[in-house]
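Worksheet: the structure to be examined is printed underneath.
All values reported here derive from a predicted model rather than from experimental measurement.
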Amino acid sequence: MVAAALAGSVIIRAGIATAGDLKIRYSVDSSLELTDNLNLTNTNPESAFISTQSVGANIRQEGSRSSLFLDYRLDLETINGEFQDTNVRNNLQGIGQVEVIEDLFFVDGQVISRRAIVDPAGPVGSSDRIGRGNLAEVTTIEVAPALRQNLGLYGDGELARRYRQVSTDGSAAADQTTITDSLRLNTGRRIFEWVQLSSLFERSDVDSDNDRSDLTRHTAELMAYIPLSAEFALLSSGGYENIDTRSGLQESDGLIWTVGFDWHPTTRTGLRLAGGERYGGMILQGNLRHQLSARLLFEADYAESISTALDTNQFGGLAVATGLQPGLQPGQIFDTRTGLPLERDALGLGLGDDIFRNKRFVASVTASFPRDTLRLIFVNDVREFDTRPSRTVQSFSSVYSRRLQRDLDVDVTLSYRSADTSSSATATSGTQDTVTGQALLRHRLTKDLSASVAYTRTERFSDIASGEYTENAVLLSVRQAF
């Protein structure tokens, strides 16, 4: 409730701007989905019609001292199968900032409410309305007030408190609250011309409804950026970190350090790579961006962290497209991990209460042409636990969009997902591979009225015969905007 009140305050304050800066667009949606395997089983698959009626609002506000990007949709779902079931659910994603005191006091906020996968090796269907026994509603609210001071050529600093609350329905994972206090100081050219120094002092406390996710972290770190030329710079960092968990898992205490480089041989290529010691062992982190041509972009990122499933699942980082990101419309909210809109994003990589060491590699290729867009994404996510075997989830997806005519578009999506089940709570050994293909045709009947039809096929391959299944689904939908 506290987080909701704080988030509401951010949204209300962000809305205080020139009237011309605020744009609200409403919509009404109606859809009918037919599936031949509602519960995603290979024994007695159940066919069902799913009717969804929705009302939504799209809010965009950009002022000189505030901004707000919020997408909300209220769904009424009715399932007509062997039994009838009705559900009401909220779909919400938003990001905002308000400058309370000019050039000094800022408040940032983010919110996400959506369904997520509970067991990464469990069944995955054509949409988040199928196989709901392996889905949970997850809501994350984050508010971050901060004092920021820019001293020009002398440097800048930030004193911030970040409050995050994550809640789920049912017993998928314990609700948790994270409070992070941090102080960041950066030097400018007037202090040192040959090096830029950055310091971080941070305390983070994760408090959950059980002890397994409780974590306290103290970090003091000094980072140096040493440019040797216009294209090449050395990176180094050193400090101290203590991670204390109530469960005694993934704890570490001692010095931390990294060394690396930042290389930009051309305006089209950038590579940052660093390695060192942290979390009780060696770590590696880096990212690569290469503009192969004016229409072809390659990106790759690798990072390691100590985390919980709720943090990893919900926030890789939200951002708002500016029009420079391939395949995204200006003002569209997207996930910085994948570069995709959240409505196209996968349902996460699983929930749970354990603390783990996360190693994630993401690579993508984006091709943009006047009438065509192709996006290829590969994700390799490894979670290393102290008390059970590591778990790896790999996924590959391709999204191809083509404008056939001025008011007619087609999207073709192909995705592959593989999860080991050696440590899953619902299987004993082997792997679970899921392949999904979808073809969607969208037609804009008028400026504000559109209709679409989609066919999706999902097939699960498993080392365990009982884990295999197929699903076919057809979705018809109509949207009226106001």
When you look at Asp128 and Arg89, which way does the salt bridge (charged side-chain N to carboxylate O under 4.0 Å, His left out) test go after all the steps? CA-CA 11 Å; Asp128 62 1; Arg89 57 179 294 215; 3.0 Å; yes
Going through the distances and angles, do Thr436 and Ser126 end up as a side chain to side chain contact (heavy atoms under 4.5 Å, CB included)? CA-CA 7 Å; Thr436 301; Ser126 58; 5.6 Å; no
Stepwise side chain to side chain contact (heavy atoms under 4.5 Å, CB included) test for Thr52 and Asp29: CA-CA 8 Å; Thr52 305; Asp29 296 72; over 6 Å; no
Kindly determine whether Asp71 and Arg73 satisfy salt bridge (charged side-chain N to carboxylate O under 4.0 Å, His left out), including the steps that lead there. CA-CA 7 Å; Asp71 297 327; Arg73 193 179 75 242; over 6 Å; no
Residues Gln61, Ser66; criterion side chain to side chain contact (heavy atoms under 4.5 Å, CB included); working and verdict: CA-CA 8 Å; Gln61 181 272 319; Ser66 63; 3.1 Å; yes
Checking Asp119 against Arg391 for the salt bridge (charged side-chain N to carboxylate O under 4.0 Å, His left out) test, could you report, in this order, the C-alpha distance in whole Å, the side-chain angles of both residues, the deciding distance, and whether it holds? CA-CA 11 Å; Asp119 181 3; Arg391 194 193 68 207; 5.8 Å; no
Report the C-alpha distance between Leu70 and Leu92 in whole Å, list the side-chain angles of each, state the deciding distance to 0.1 Å, and finish with yes or no for side chain to side chain contact (heavy atoms under 4.5 Å, CB included). CA-CA 8 Å; Leu70 185 69; Leu92 177 63; 3.4 Å; yes
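Atom CH2 of Trp257 has more than 12 neighbouring heavy atoms from other residues, nucleotides or ligands inside a 6.0 Å radius. In the displayed structure, Phe192 atom CZ is contacted under 6.0 Å by at most 12 heavy atoms of other residues, nucleotides or ligands. Crowding of Arg184 atom CZ: a count of heavy atoms from other residues, nucleotides or ligands under 6.0 Å not exceeding 12. Enclosure of atom CZ in Arg189 is not indicated, since only 12 or fewer non-hydrogen atoms of other residues, nucleotides or ligands lie within 6.0 angstrom.
Nearest approach of Ala481 to Arg25, heavy atoms of both residues: CB-NH2, 3.5 Å. For the residue pair Ser401 and Asp411, the shortest heavy atom distance occurs at OG-OD1, 2.9 Å. The heavy-atom pair separating Met223 from Leu200 by the smallest distance is CE-CB, 4.0 Å. Across Val143 and Val107, no two heavy atoms sit closer than the pair CG1-CG1, 4.0 Å. Val195 and Ala224 get closest at one heavy-atom pair: CG2-CB, 4.1 Å. Across every non-hydrogen atom of Gln291 and Ser293, the tightest pair is NE2-O, 2.9 Å.
In this model, a donor atom of one side chain and an acceptor atom of the other lie less than 3.5 Å apart for Asp156 and Asn186. Judged purely by distance below 3.5 Å, without hydrogens or angles, the side chains of Ser397 and Ser415 never pair a donor atom with an acceptor atom. Between the side chains of Ser237 and Thr258, at least one donor N or O lies within less than 3.5 Å of an accepting N or O. Residues Glu241 and Ser252 have side chains that never bring a donor and an acceptor to within less than 3.5 angstrom of each other. Side-chain contact check for Thr139 and Ser113: at least one donor-acceptor pair (N or O, by modelled atom type) lies under 3.5 Å.
Taking CD1 of Ile59 as the reference point, atom CD1 of Ile24 lies at 5.0 Å (rounded to 0.5 Å). The structure places CG of Leu215 at 7.0 Å from OG of Ser204, a figure rounded to the nearest 0.5 Å. Taking CD of Glu99 as the reference point, atom CG of Asp108 lies at 11.0 Å (rounded to 0.5 Å). Atom CD1 of Ile179 is separated from atom CG of Asp207 by 8.5 Å, given to the nearest 0.5 angstrom. For the atom pair OH of Tyr26 and CG of Asn58, the computed distance is 11.0 Å after rounding to the nearest 0.5 Å. We find the CZ-CD1 distance between Arg278 and Ile306 to be 9.5 Å, quoted to the nearest 0.5 Å.
Every residue was checked against the side chain to side chain donor-acceptor pair (under 3.5 Å) condition with Glu202, not counting sequence neighbours, and none meets it. Remark: Phe105 engages no residue in a ring pair (Phe, Tyr, Trp, His ring centres under 6.0 Å) (not counting sequence neighbours). Shown here are the salt bridge (Lys or Arg N to Asp or Glu O under 4.0 Å) partners of Glu231, two or more places apart in sequence or in another chain: there are none. With sequence neighbours left out, Ser54 forms a side chain to side chain donor-acceptor pair (under 3.5 Å) with Asp75. In this structure, Arg295 has no side chain to side chain donor-acceptor pair (under 3.5 Å) partners at least two apart in sequence or on a different chain. Under the rule for a side chain to side chain donor-acceptor pair (under 3.5 Å), Arg268 has no partner lying at least two apart in sequence or in another chain.
Ser368 is listed as a side-chain neighbour of Thr366, based on a closest heavy-atom distance under 4.5 Å. Between Phe201 and Thr219, the closest side-chain pair of non-hydrogen atoms is not below 4.5 Å. Looking at Thr216 and His218, their side chains come closer than 4.5 Å, going by heavy atoms from C-beta outward. Glu384 is not listed as a side-chain neighbour of Phe356, based on a closest heavy-atom distance of 4.5 Å or more. Residues Leu284 and Leu273 are in side-chain contact: their nearest non-hydrogen atoms beyond the backbone lie under 4.5 Å apart. Between Asn287 and Glu299, every side-chain heavy-atom pair lies at or beyond the 4.5 Å cut-off. Considering only heavy atoms from C-beta on, Arg129 comes within 4.5 Å of Arg115 through its side chain. Side-chain contact between Thr177 and Tyr163: present, with at least one pair of heavy atoms (C-beta onward) separated by less than 4.5 Å.
Using a 4.0 Å cut-off between charged nitrogen and carboxylate oxygen, Arg289 and Asp301 do not count as a salt-bridge pair.
Classification of the Phe361-Tyr302 ring pair by plane angle, with boundaries at 30° and 60°, yields tilted.
In this structure a side-chain-to-backbone donor-acceptor pair under 3.5 Å is missing from Arg417 to Val124. One N or O on the side chain of Asp169 and one on the backbone of Glu137 form a donor-acceptor pair closer than 3.5 Å. Judged by distance alone, with hydrogens and angles left aside, the side-chain atoms of Asp253 form no donor-acceptor pair with the main-chain N or O of Ile243 at under 3.5 Å.
Cation-pi contact between Arg357 and Tyr279: absent, since separation from the ring centre below 6.0 Å together with deviation from the ring axis within 45° is not met.
The aromatic ring centres of Phe378 and Phe396 sit 6.0 Å or more apart.
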